[in-house]
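First the structure, in the form of structure tokens, and then the observations on it.
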Amino acid sequence: MKQLTRVTVLMAGLALSSMRAVASTEVDKMSDIEVSEYAVRMSSVLEKIQHRQLCAPGDMHCVRTVFDRNGLSYDDKESVQKRLVWMVGDIF
């Protein structure tokens with residue numbers, strides 16, 4: 001549970017720095033728990049890319065491919081970040 005909280009706060013911080021996100025319809029239909037779980041999965045994939053050095057810096061095609069292999073859409077990143085900011089804002 002602590003890791004989920006840390007990831008949620010981290011993703012919220014990232015979203016605050018990028019407020020140009022517009023929530024997609026898929027993310028809008030997800031419950032708060034589903035969004036949190038999706039964010040954790042996205043964070044895990046990003047960590048895997050970084051730690052295993054799977055992609056060259058700035059190679060977005062590679063990043064999108066790794067996300068696809070893990071059943072995630074990189075295009076949802078900003079929408080999920082925005083939803084997390086809303087969720088954290090509701091808590092406080």
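- For residues 48-61, no residue pair satisfies the salt bridge (Lys or Arg N to Asp or Glu O under 4.0 Å) rule, not counting sequence neighbours.
- By the salt bridge (Lys or Arg N to Asp or Glu O under 4.0 Å) test, Asp75 is found to be paired with Arg64, residues two or more places apart in sequence or in another chain being considered.
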Given side-chain contact (heavy atoms from CB on, under 4.5 Å), test Leu46 with Ser43 step by step and report yes or no.
-> CA-CA 5 Å; Leu46 288 171; Ser43 178; 5.7 Å; no

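- Asp32 pairs by the side-chain contact (heavy atoms from CB on, under 4.5 Å) definition with Arg83, Met87, not counting sequence neighbours.
- With sequence neighbours excluded, no residue forms a ring pair (Phe, Tyr, Trp, His ring centres under 6.0 Å) with Tyr38.
- Leu54 and Cys62 get closest at one heavy-atom pair: O-SG, 3.6 Å.
- Scanning for side-chain contact (heavy atoms from CB on, under 4.5 Å) contacts around Gln50 gives an empty result, with sequence neighbours left out.
- Met60 and Val66 fall within a single hydrophobic cluster, where Ile, Leu, Val, Met, Phe, Trp and Tyr are joined by side-chain heavy atoms under 4.5 Å apart, directly or via other members.
- Sorted by first and then second residue, the pairs that involve residues 44-69 and meet ring pair (Phe, Tyr, Trp, His ring centres under 6.0 Å), not counting sequence neighbours, are Phe67-Tyr74.
- With Asp76 contributing its side chain and Leu72 its backbone, the two residues share no donor-acceptor pair below 3.5 Å.
- Across every non-hydrogen atom of Ala39 and Leu84, the tightest pair is CB-CD1, 3.6 Å.
- Side-chain atoms of Glu37 do not come within 3.5 Å of backbone N or O of Glu34 as any donor-acceptor pair.
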